[in-house]
Structures are given as C-alpha cells and as structure tokens.
There are 2 protein chains.
Amino acid sequence: MATDHQTASTTTMLRVMNERAVFGEIFRLGPVSRPELAQATGLSKPTISVALANLGRAGLVREVGLRAGPAGRSAVLYEARPEAGWVLAVDIGRSFVRLVLANLAGTIVTRIDDPSGSRNPTDLLAQLTGLADRLTAQVGITRADVTLTVFGTPGIHDKETGSLHLAPNLPGWDLPGAVDRFSVVSPSPYLVENDTDLAAVGEATHGLGLGVAHFAYMSIGTGTGMGIVIDGKLYRGARGCAGEISYLPIGEGDPLQDDPAATRRGMFETVASADGIVAAAQRLGWTKATSAKEVFDAARAGDPIAQRAVEVEVNHVAHALAAVTAVLDLELIVLGGGVGVQGGDLLIGPIQDRLRHLVALQPPRIEVSSLGADAVLDGAVAVGVTAARDLVLDRTVAANA
Amino acid sequence: MATDHQTASTTTMLRVMNERAVFGEIFRLGPVSRPELAQATGLSKPTISVALANLGRAGLVREVGLRAGPAGRSAVLYEARPEAGWVLAVDIGRSFVRLVLANLAGTIVTRIDDPSGSRNPTDLLAQLTGLADRLTAQVGITRADVTLTVFGTPGIHDKETGSLHLAPNLPGWDLPGAVDRFSVVSPSPYLVENDTDLAAVGEATHGLGLGVAHFAYMSIGTGTGMGIVIDGKLYRGARGCAGEISYLPIGEGDPLQDDPAATRRGMFETVASADGIVAAAQRLGWTKATSAKEVFDAARAGDPIAQRAVEVEVNHVAHALAAVTAVLDLELIVLGGGVGVQGGDLLIGPIQDRLRHLVALQPPRIEVSSLGADAVLDGAVAVGVTAARDLVLDRTVAANA
DNA sequence: GAAATTCGTAATGGACCTTTACGAACCCGT
DNA sequence: ACGGGTTCGTAAAGGTCCATTACGAATTTC
C-alpha cells in the first residue's frame with residue numbers, strides 16, 4: 001500500500017488551500033456572491049472577502065454586476081476572469097485535426113477543424129502551429145498566451161523516450177523525441193493523452209459518465225480502445241497502456257486470426273473493429289460488403305446475412321465486456337467510435353443479453369455516447385482546464401510569497 | 001469526473017491534521033524522538049511537543065526510554081501505546097478459521113487457528129465468539145476492548161441487504177441480514193472484506209506488492225479470484241465484485257464448459273481451478289488423477305500427460321492474464337492460492353512466454369506469493385490497523401472538543 | 001419614507017504555528 | 001572531576017489566519 005503518509009501543514013498553507021477552494025467554487029457555481037461562497041465553502045464572510053481580494057489582485061477573478069434579491073442590499077457577483085488563462089486542446093484524429101481554444105471555465109471560444117494532411121512529425125507540427133496561430137488570433141492573443149496545451153493522439157505516449165507507441169497511423173512519431181517536438185506548437189506546458197482516454201474524460205465531464213464513479217468509454221471503429229475512469233479519475237495503468245483492449249484474447253478460432261498480423265494488431269481489434277465486421281459479412285456470403293455502416297443498414301432492413309454478421313459482432317463485444325466486467329465491475333459502459341455510434345441501436349440490447357449469459361454478475365449499463373466525435377475535445381478541454389487552473393493558482397501563490 | 005471539490009479548512013482542523021501526521025509518523029518510524037518527528041513532519045519542535053502532549057493525554061502515545069546520541073542531551077523516545085487499540089482479524093477459510101489480535105502498530109500478538117466446523121451462521125458465529133473470547137483473554141482484555149474487527153470471507157459482501165453473495169461454501173450467509181450478525185463477535189465496528197482482496201492488501205503491505213502502485217494478487221486453488229490494487233489502494237468496483245475473474249470468458253470449447261453449471265460457476269474457474277486441472281489430466285489419459293498437486297508432482301517427474309495438463313493450465317491462466325493486462329496494464333501479478341503456490345515454479349515461465357505471444361504489450365512481472373496462507377490475515381490486519389488508527393484519533397479529537 | 005432585510009467590512013479575539021532564546025542534560029577529553 | 005561542546009526541551013514573543021460580533025450601507029417592500 002503506497003504510504004503517502006499524511007502531510008503536516010502550516011497556517012500559510014491553510015490560506016492557499018482555502019483560496020483554492022474559493023476559486024474552485026467560483027467555477028462550479030458560475031457568477032456567485034460572497035455570501036454564497038461562504039455558504040459553499042463553510043468559510044466566514046470576511047475570509048471570503050480576503051480571498052477574493054487576493055484572487056482579484058492576481059487577475060484571476062473579477063466583479064460582474066449585482067444580484068438583487070427579494071429584499072436587502074444587492075450582492076456583488078464574482079466570476080473567473082475569462083482571460084486569466086487559455087487552454088488549447090488538439091485532437092489529432094484520423095481524417096481531421098481539430099483544435100479548440102477554451103477559457104478556464106471550460107467554455108470553448110473558437111474552433112478549427114482541418115483535414116489531415118501528411119502526418120509525419122514535421123508536416124503535422126507545421127500544420128498545427130499554423131492552426132494554433134489562426135485560433136489564437138481570433139481571440140486577440142498569441143500562442144505565447146496559452147496557459148496549457150493538451151494533445152489527444154492515438155497510441156501511448158512514452159514519456160521516457162518521448163515517443164508514441166502503438167500508433168501505426170502516425171508515421172515517424174514512434175521515434176525517440178518525436179513527441180517532445182509538440183513544444184513548438186506553443187511555449188506553454190503541454191500534456192499528451194490517448195484520444196480514447198480523453199473521450200472517457202469527456203463523457204465523465206459532460207456526457208453519460210457524469211457523476212458515475214467507475215465507468216469506461218469503449219470505442220469501436222477503425223480500431224478499438226477503452227478509456228477507464230475509476231473513482232472519478234482517469235486510470236492510465238503502469239505504463240499508460242490501460243484500456244488497450246485491442247489485445248483482449250477474444251475471437252480465437254475466428255478465421256481472421258489465421259493472419260499472422262492479427263496478434264500484432266490485437267485479437268479483439270482484428271475481429272471486432274469495422275473491417276472485422278465487413279470480413280465477417282463477406283465470409284457469411286455477402287462478398288461485396290465494403291463498410292460496417294452498410295452492414296448495419298442492411299441488418300436493419302432485414303438482410304439475414306447482415307444480421308448474422310451483427311450477431312458475430314455482438315458476440316465478440318459481449319466477450320470483451322464480460323472480461324472487463326469480471327475484472328473491473330463497472331457501473332456503465334459508454335459506447336463510442338464509428339461502429340459504436342452507428343450500430344449502437346442494433347448492438348446494445350443483444351450485447352446485454354449475451355453478457356448476462358456469460359457472467360453471473362450484474363452487468364454494467366451500456367449506452368451510446370451522446371457526445372459523438374467531440375468527446376475527445378471535450379475531454380481534452382476538461383483535462384486542460386483542471387491542470388491550467390492549478391497552474392495559474394500556483395503562479396499566484398508564488399507571486400504572493 | 002467526480003467533483004469532490006477541494007474542501008476549505010479552519011485553523012482547528014489544522015491541528016487535527018498535524019496530530020494525525022505526528023501519530024502516523026510515530027508508527028512509521030517506531031520509537032522516535034521529538035527532533036526526529038519535527039524533521040519528518042516539517043513541524044517545529046514546540047508544535048511536536050504540544051501534539052505529543054495531546055496524544056499522550058488521550059492514551060495513544062507514551063514515553064519509552066531515552067536515546068543517547070554521540071553528544072548532547074539524550075532525547076526522550078515516544079511510541080504508540082500498544083494497548084491504545086486492538087484489531088481483531090478473522091480469516092474464514094475453507095478448512096480453518098484463523099483469528100489474530102494485533103495492536104495498532106500492526107504487530108500480531110496472539111493467534112488461533114481452528115478447524116472449520118459447521119459453517120452456517122449460527123454455528124460459525126458461536127465458534128468465532130468463543131475463539132475471540134480465548135484470544136482476548138490471552139492478552140488480558142475482553143471482546144469489548146477490541147477497537148475494530150475485520151472479517152475476511154469468500155464472496156461479496158452486499159451492504160444493502162447484509163448478505164454474502166457468491167460464497168456457495170458458506171451456507172445460509174446469502175440470506176438478508178446474515179452478515180449483520182457478525183456484530184455478536186465483538187461490540188466493535190467491523191468490516192467485511194473479500195479474502196482475496198485482503199490477500200492483495202497483505203501483499204501490498206508486507207509482501208511483493210510493497211511499493212508497487214498497480215498490481216494484482218491472483219488466487220488459484222479450489223476457486224479463482226483476484227484482488228486489485230490501484231494507486232496503492234484496494235479497488236473494489238461498483239458493487240464490490242471487481243476481480244471476480246472466475247467469470248472471465250476463457251476456456252470456450254473446453255469440454256468442461258458443456259456442463260450447464262459451468263456458467264454459473266464461471267468459465268475461467270471451471271477450467272483453471274484445481275479440479276479443472278485434474279479434469280484436464282483425466283481427459284488426457286491419466287484417469288486416476290485426483291489432485292492438482294499430484295499432477296504438478298508428476299509433471300516435475302517428467303510425466304508427459306501431466307506436463308500436457310500443465311500446459312493446458314498455462315494456456316488458460318495466460319489468457320486470463322492477457323485480458324487483465326489489456327484492460328489494466330499492471331506492473332506485477334502475485335500468484336497465490338493452492339495451485340499458484342504449489343505449481344508456481346512450473347507455471348510462471350511458460351505463462352510469461354505464452355502471455356508475450358498473446359499481447360503485444362509489455363506483460364507484468366509474475367511472482368509467487370511470499371506470504372502464503374497468511375496473506376489474508378496480514379491484509380486484514382493492515383486494513384484494520386489503518387481504520388482503527390482513524391477511529392482512536394477521531395475519538396481523541398471528539399474528546400478534546 | 002420608514003421598516004425590514006441583506007450585504008460588506010471593521011474591530012476584536014482566539015487558535016495555531018514559528019522563531020528566538022535559554023536552561024537542562026549529556027558526552028568527551030583533559 | 002570538571003569544563004567545553006552539543007543536543008534536547010520549553011518558555012516567551014510574534015505573526016498569520018480565521019471566526020465572531022457589530023455596525024454602516026444598500027435595497028426592497030409596504
């Protein structure tokens with residue numbers, strides 16, 4: 001058991017803690033009065049006043065009008081200064097790169113979606129830098145004013161070597177130091193997170209995972225992946241590889257597994273991703289099947305071969321979720337990715353039935369993501385905002401010291 | 001993301017926090033002087049003195065001799081008063097119940113191992129109450145002086161209904177309210193934890209999991225189970241069913257799965273537990289095989305059928321660990337239980353090889369438990385000690401208020 | 001326009017911790 | 001044995017932070 005022995009504190013640390021609490025409540029409650037903050041934090045009115053004065057002097061908080069009550073003097077409302085910090089969130093997707101700029105409240109101010117060009121480090125970084133320039137210019141700042149940048153990428157970021165593993169679609173990014181070059185996009189500190197993990201955070205912040213302690217976001221599309229939220233926090237695993245469900249040992253005996261490349265790609269991904277569905281349909285007799293969407297549409301129209309292919313997919317996903325349930329006992333699985341979103345209506349019910357037969361435990365709820373493709377960006381903003389708030393607060397504390 | 005918004009604090013809470021920190025350091029460092037405590041906590045010497053005075057007045061801490069240094073006045077040493085609190089740990093095992101009494105430092109003072117008799121609630125509780133009486137008498141206290149009791153049981157404790165699920169070997173304990181009857185064993189508060197989970201905590205505290213952030217204890221014996229430690233803390237899952245790997249969908253196609261009871265018992269447990277090994281050996285031609293130990297011994301002696309049966313087991317366990325690795329990306333798997341301990345030498349190497357073929361990720365280290373059957377009790381003591389320390393401290397705070 | 005109500009802050013006091021200072025206790029060498 | 005050097009423990013003083021109380025300011029209602 002990690003012995004993070006309880007740390008002792010001095011009076012000055014107390015004020016820092018309380019200022020942090022006040023700052024957090026301001027975000028949580030929106031424009032808010034002093035009495036409301038006192039109520040929310042349990043601190044006294046004078047203490048709130050002092051904290052607000054400090055936060056205001058540091059440029060983190062500002063007055064924003066009055067609130068008239070049913071009786072009595074109107075209260076001054078406070079809110080976080082939008083320009084106290086900026087978060088740049090970047091989703092390096094398959095066919096698009098998407099960038100948004102958000103303020104510390106998590107409000108997205110501008111956004112650019114740009115088709116992916118060449119994705120080697122040099123070209124991609126040039127593209128991102130240009131887009132970041134355009135984005136920041138739209139709100140009258142420069143890249144240097146960004147507090148924190150979050151990059152959502154496929155694969156696993158190895159901080160030791162600065163390289164990206166398991167991301168075959170990003171050529172050249174697996175070389176040592178490649179990821180470190182993200183620093184050219186903005187001089188701010190930056191975080192690199194797996195895109196599926198960020199989508200899970202997005203669901204936890206704005207989506208179906210709101211208020212759910214333990215859940216996972218399962219993405220099925222061109223590939224497969226899972227972002228796991230445990231105790232409300234993203235779980236990354238010992239080396240950042242948690243949720244790499246492509247490698248679940250599922251689908252043994254399926255003819256697709258005969259391909260020697262199947263193991264390298266991962267057994268589950270080989271059979272359950274979009275082209276696994278297509279291959280299943282072809283094998284079942286629909287030789288001209290080309291896309292998973294097509295298979296789902298045909299199944300909805302009553303085509304028996306397509307329906308049989310969907311059944312195969314259901315079986316694979318149910319096995320994967322059986323493994324996840326046996327290990328993690330989650331409350332909820334949010335289904336995302338191309339297959340998850342397009343086929344969710346066909347899949348969820350049968351998966352739940354199958355799952356109940358596979359494990360004698362209470363299975364998790366299964367639902368289709370409500371955020372769609374924006375889940376990654378939402379998660380990136382959420383991750384960035386919490387980290388950026390800490391950054392600006394730390395600066396304030398350092399300045400007051 | 002669970003919004004456990006940072007909580008604000010007042011000055012009085014500061015002293016409580018610091019007293020807690022001092023108390024914790026006393027346990028961590030053993031007999032310790034005031035200057036050492038000041039160093040360890042970062043607090044000043046006078047503050048340490050005040051804290052020790054309070055803890056002493058509450059009977060939690062006492063002086064214990066002097067330490068002479070190379071020069072200068074000798075420092076007074078302090079230690080936790082052994083009789084400040086007692087933890088009763090109970091392991092309700094298959095063929096034995098084991099009870100230990102430990103002080104707040106986690107030192108086991110007395111122990112009783114007693115063969116299991118009838119295991120229905122009434123008989124088992126009578127047995128436990130009698131044993132608790134004997135145990136407490138040995139140190140001159142009564143059951144009423146126990147601060148906290150921890151029961152390690154198979155199955156899952158459902159706090160809503162007070163019943164024990166998934167524990168077929170404890171007849172009658174699945175009825176609502178059965179578990180609540182544990183209160184007759186001692187008037188103290190009590191905790192009920194899954195035995196495998198406790199073993200994981202034991203490994204984390206005294207065993208191979210020491211200092212490892214993310215690992216799991218995998219028990220294979222009569223049944224199968226897994227205790228998962230994430231971020232140094234036991235992970236229980238949404239309903240306490242995390243680590244119920246019996247239900248991993250592994251071994252499909254194995255003839256054992258034809259039995260309709262297999263699903264209820266769990267696919268993995270059916271094929272991989274001790275009798276699964278025996279059945280495999282029988283099917284391979286050794287019809288008079290009776291125990292897993294026998295199979296392992298024969299395999300070591302070179303018997304080809306036994307070796308083949310071990311290979312089957314290796315394959316099943318490797319598949320289970322592949323699933324766990326793909327989902328959780330752990331650093332370490334500690335192997336325990338009868339099969340794990342007796343067959344570990346034969347299993348670990350081949351499992352690792354097989355695992356490397358199944359997943360293209362870096363597999364976890366695999367090692368055999370060094371604690372053996374005591375892991376459960378060690379974990380129960382560890383869980384109980386941390387909870388009991390909080391209890392006695394809370395009482396002190398309440399008394400001082 | 002007065003009563004009632006709510007807000008904001010000034011003043012006071014208390015709780016906690018640290019720093020400084022000094023006496024107490026102990027070692028060692030002569 | 002005794003004095004110098006060193007470490008320990010606590011007393012005194014000072015500073016920071018927060019809560020309570022009190023009161024003036026601002027606003028609504030009647």
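Each chain gets a letter, A, B and so on, in the order its sequence line appears, and its residues count up from 1.
Considering only the side chain of Arg15(B), dC17(C) comes nearest among dG9(D), dC7(C), dC17(C). If you check dG9(D), dT18(C), dC18(D) against the side chain of Thr10(B), the one that comes closest is dC18(D). Closest to the side chain of Thr12(B), from the set dC17(D), dC16(C), dA19(D), is dC16(C).
Going from atom CE of Met13(B) over to atom P of dC17(D) covers 17 Å, rounded to whole Å. For the pair Leu52(B) CG and dC17(C) P, the computed distance is 13 Å after rounding to whole Å. As a whole-Å value, the separation of Glu19(B) CD from dC17(C) C1' is 13 Å. The distance between atom CE of Met17(A) and atom C1' of dT16(D), rounded to the nearest whole Å, is 15 Å. To the nearest angstrom, P of dA19(D) lies 14 Å from CD of Gln39(A). Between the CZ atom of Arg67(B) and the P atom of dC26(C) there is a distance of 15 Å, rounded to whole Å. The nearest whole Å value for the distance from the CD1 atom in Ile48(B) to the P atom in dC16(C) is 15 Å. Whole-Å rounding puts the Glu63(B) CD to dA25(C) P distance at 14 Å.
Counting distance only, with no hydrogens placed and no angle test, the side-chain atoms of Arg73(B) and the base atoms of dC26(C) include no donor-acceptor pair under 3.5 Å.
For dC18(D), the OP1/OP2 oxygens have a side-chain nitrogen or oxygen of Asn18(A) closer than 4.0 Å.
Where Val16(A) and Leu66(A) each meet DNA chain D at their nearest nucleotide, the meeting point lying more 5' is that of Val16(A). Comparing Thr47(A) and Leu77(B), the nucleotide of DNA chain D nearest to each residue sits closer to the 5' end for Leu77(B).
Side-chain N or O atoms of Glu203(A) include one that pairs as donor or acceptor with a backbone N or O of Leu208(A) at under 3.5 Å. No donor-acceptor pair under 3.5 Å is formed between the side chain of Thr107(A) and the backbone N or O of Asn103(A). Using a distance-only test at 3.5 Å, with no hydrogens or angles considered, a donor-acceptor pair links the side chain of His214(B) to the main chain of Asp231(B). Checked by atom type and distance alone, the side chain of Ser33(A) never pairs as donor or acceptor with a backbone atom of Val76(A) at under 3.5 Å.
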Under 3.5 Å, sequence neighbours excluded: what are the donor-acceptor pairs made by side chains of residues 45-53 of chain A?
| unit_1 | atom_1 | unit_2 | atom_2 | d |
| --- | --- | --- | --- | --- |
| Thr47(A) | OG1 | Ser44(A) | OG | 3.0 |
| Ser49(A) | OG | Arg34(A) | NH1 | 3.4 |
| Ser49(A) | OG | Lys45(A) | O | 3.4 |

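Residue Leu148(B) is tested with Leu391(B), Leu88(B), Asp390(B) for a side-chain contact (heavy atoms from CB on, under 4.5 Å); the sole match is Leu391(B).
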Polar atoms only, N or O, under 3.5 Å: list the protein pairs with nucleotides 28-30 of chain D and their distances.
| unit_1 | atom_1 | unit_2 | atom_2 | d |
| --- | --- | --- | --- | --- |
| dT28(D) | O3' | Pro70(A) | O | 3.0 |

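Remark: Arg389(A) is not positioned above the aromatic ring of Phe23(A), lacking an NZ or CZ atom under 6.0 angstrom from the ring centre and at most 45 degrees off the axis.
Donor-acceptor pairing under 3.5 Å is recorded for the side chains of Asn54(A) and Arg57(A).
Residue Val76(B) is in sugar-phosphate contact alone, with no base atom involved, counting any heavy-atom pair closer than 4.0 Å across all strands shown.
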Inset, instruction - Under the side chain to side chain contact (heavy atoms under 4.5 Å, CB included) rule, what do Asp378(B) and Ile108(B) come out as? Steps first, then yes or no, please. - result: CA-CA 9 Å; Asp378(B) 285 349; Ile108(B) 293 176; 4.2 Å; yes

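Remark: Thr10(A) OG1 to Leu14(B) CG distance equals 7.0 Å, nearest 0.5 Å.
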Inset, instruction - Scan nucleotides 9-14 of chain C nucleotide by nucleotide, 5' to 3', and note B when protein non-hydrogen atoms come under 4.0 Å of the base, S if they reach only the sugar-phosphate, - if neither. - result: BB----

